[in-house]
K.L.:
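This is the structure, below, for whatever I ask next.
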There are 2 protein chains.
Amino acid sequence: MLYAGFMSAAPPSAPTPQEPVEPPQLLQLGLGDDEPCLRADAARNRARLLEAAAGLVAARGADAVTMEEVAAAAGVGKGTVFRRFGDRTGLLMALLDHGEKKLQAAFLSGPPPLGPGAPPAERLRAFGRAALRRTVEDLELQLAAEPEAGRRFTVPPYRVRHHHVALLLRQAAPDADCDLLAHTLLAQLDPALVHHLTHQCGMPARRLEDAWTDLVDRITGTTA
Amino acid sequence: MLYAGFMSAAPPSAPTPQEPVEPPQLLQLGLGDDEPCLRADAARNRARLLEAAAGLVAARGADAVTMEEVAAAAGVGKGTVFRRFGDRTGLLMALLDHGEKKLQAAFLSGPPPLGPGAPPAERLRAFGRAALRRTVEDLELQLAAEPEAGRRFTVPPYRVRHHHVALLLRQAAPDADCDLLAHTLLAQLDPALVHHLTHQCGMPARRLEDAWTDLVDRITGTTA
DNA sequence: ACACAATGCGGACCGGGGTCCGCTTTGCAG
DNA sequence: CTGCAAAGCGGACCCCGGTCCGCATTGTGT
């Protein structure tokens, strides 16, 4: 368990009487664990919901599935879904959690060139390739899970990626505004963009990878 | 009239019996005109709606305004709003149309360094500054108008900007994948990102402008 | 074993976006 | 001026995401 769950800290509004969704996630990047100790029935329902959702999504496509259907398929009430996952996006993101954690594991503590050990520019190039591949894997879901505009950058998986890229950049291009530059780099991995380019413009995935590499080279000044 | 309206070509689904929204917009970049010849009453209602919407948005913020309210305030039925503008996003975008056209005018045919006449890298830098300023101007609305994930890159104003940036890039960095690079550059002007950085991270607008300039320099290899 | 917080459950309910279709208005042709 | 097709109108309607709150389940302390 490397990092943390997915959900943002539930209802952003003032002291909701409703309890928070999943872990409060104050986000000290790099540790923490989901499911802080769910009550037996709650845990069971969570599992059922995830399974039901996965099934329906696989069968009919993410955006043809309604929350009520998922609840029904899992044999629970609609309220339960929302209490557990906050909102539709939350549920969808939970479905992606596993894959994302694996990627995080790989770049935070896996073997080089993705993990520590390789030179930063090299790691950046590897990161892009890996992330791109992961995105292509289940583009559809990833697209459907995209949070409403305002939250795109606040959601934990994005923050982790951003943190990582910024870190590498600070080593590879010390004189740049790395925080901002990291956002720019990440934009090239945005599922919506990847979808647009591959599905609507018919670009091969390979071209995206090459462009990433080239971009890293230009920005860091390295070539490799 | 420089370019064209805002709406994408209405209901993407098969031959809707409903007529298309605004101009079909087959989008030959650079010409065309809105309101292809609305019937008298339709034109009147369109104007009323725009006015009503602008008023409500200004008064209470974009996302506290419902379509039904706008319709009521304009003294028309809800159906009319949707027929004219397609969907909520369409209406909001129409509200932004004027400002966007002005910007387009400036970089397509205005005076240098924004318009033709200056060297490409220079024009790029100017473009970023101008776009950034325009975005900050009415961030709130721009944010609320953001189309659902899939369409972000298909919407006319984005396409125009992309086309323009790609064009300049082809001159300033002929050996790069300019189409893709253009998307990357534009990502730094994304209203959602600008909002995040300025409002949630407290960055001054100035820093964004500097980062843009720096990014252009790194990508084109030029300096200043 | 029992009581009693605390935690979770579920489904009625709400609000708003988007659709539909029978009726009205427009404006052109004769 | 009149008739008539096309264009436009509007509001009842549907659907779905999200909320709420009285009731049921847990599991802990004694």
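Just so you know, these numbers use all the heavy atoms, side chains as well, and skip hydrogens, waters and symmetry mates. Chain letters run A, B, ... following the sequence lines, proteins first and then strands; every chain starts at 1.
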K.L.:
Starting at CZ of Phe85(A) and ending at C1' of dG8(C), how long is that distance when rounded to a whole Å?
P.N.:
14 Å
K.L.:
Under the side-chain hydrogen bond (donor to acceptor under 3.5 Å, both in side chains) rule, what pairs show up with a residue in residues 178-197 of chain A, not counting sequence neighbours?
P.N.:
Tyr158(A)-His183(A), His162(A)-His183(A), Arg170(A)-Asp179(A), Thr184(A)-Gln188(B), Gln188(A)-Thr184(B), Asp190(A)-Arg152(B), His196(A)-Gln200(A)
K.L.:
Identify the pairs formed between an N or O of the protein and an N or O of nucleotides 13-15 of chain D at a distance under 3.5 Å, and give each distance.
P.N.:
none

K.L.:
I want to check something: taking the side chain as every heavy atom from C-beta on, are Leu132(B) and Leu189(B) in contact at a cut-off of under 4.5 Å?
P.N.:
yes
K.L.:
Would you mind reading off the distance between Met67(A) atom CE and dT19(D) atom P, rounded to a whole angstrom?
P.N.:
11 Å
K.L.:
Below 4.0 angstrom from OP1 or OP2 of dG8(C), is there any side-chain N or O of Asn45(A)?
P.N.:
no
K.L.:
Working to the nearest 0.5 angstrom, can you tell me the gap between Leu215(A) CG and Ile219(B) CD1?
P.N.:
5.5 Å
K.L.:
Would you indicate whether the side-chain heavy atoms of Asp210(B) and Asp177(A) approach each other to under 4.5 Å?
P.N.:
no
K.L.:
Taking NZ, NE, NH1 and NH2 as the nitrogens, is one of them in Arg60(A) or Glu69(A) under 4.0 Å from a carboxylate oxygen of the other?
P.N.:
yes
K.L.:
Separation of Glu69(A) atom CD from dG18(D) atom P, in whole Å?
P.N.:
15 Å
K.L.:
Search all heavy atoms of Leu56(B) against all heavy atoms of Ala73(B) and return the closest pair with its distance.
P.N.:
CD1-CB, 4.1 Å
K.L.:
Examine distances only and state if a side-chain atom of Trp212(A) and a backbone atom of Leu124(A) form a donor-acceptor pair shorter than 3.5 Å.
P.N.:
yes
K.L.:
Starting at CZ of Phe82(B) and ending at P of dG11(D), how long is that distance when rounded to a whole Å?
P.N.:
14 Å
K.L.:
What's the separation between atom CD in Glu100(B) and atom CD in Gln142(B), rounded to the nearest 0.5 Å?
P.N.:
7.0 Å
K.L.:
Report the nucleotide, chosen from dG10(D), dG17(D), dC9(C), that has the shortest atom-to-atom distance to any side-chain atom of Asp41(A).
P.N.:
dC9(C)
K.L.:
Among the nucleotides dG17(D), dG27(C), dC9(C), which one has an atom lying closest to any side-chain atom of Ala40(B)?
P.N.:
dG27(C)
K.L.:
With the side chain of Arg88(A) defined as its heavy atoms from C-beta on, choose the nearest nucleotide among dG18(D), dC9(D), dG17(C).
P.N.:
dG18(D)
K.L.:
For dG8(C) and Arg46(A) - does any side-chain N or O of the residue sit under 4.0 Å from the phosphate oxygens OP1/OP2?
P.N.:
no
K.L.:
Please tabulate the protein-to-nucleotide N/O contacts below 3.5 Å involving nucleotides 3-5 of chain C, giving atom names and distances.
P.N.:
none

K.L.:
Choosing from dA7(D), dG17(D), dG17(C), which nucleotide comes nearest the side chain of Arg39(B)?
P.N.:
dA7(D)
K.L.:
Any side-chain to backbone donor/acceptor pair from Arg125(A) onto Thr213(A)? Under 3.5 Å, distance only.
P.N.:
no
K.L.:
What is the distance, rounded to the nearest whole Å, between atom CZ of Arg44(A) and atom C1' of dC9(C)?
P.N.:
10 Å
K.L.:
Separation of Leu38(A) atom CG from dG8(C) atom C1', in whole Å?
P.N.:
9 Å
K.L.:
Rounded to the nearest Å, what distance is computed from the CG atom of residue Asp63(A) to the C1' atom of nucleotide dG17(C)?
P.N.:
16 Å
K.L.:
Does Arg83(A) have a side-chain nitrogen or oxygen under 4.0 Å from the phosphate oxygens OP1 or OP2 of dG10(C)?
P.N.:
no
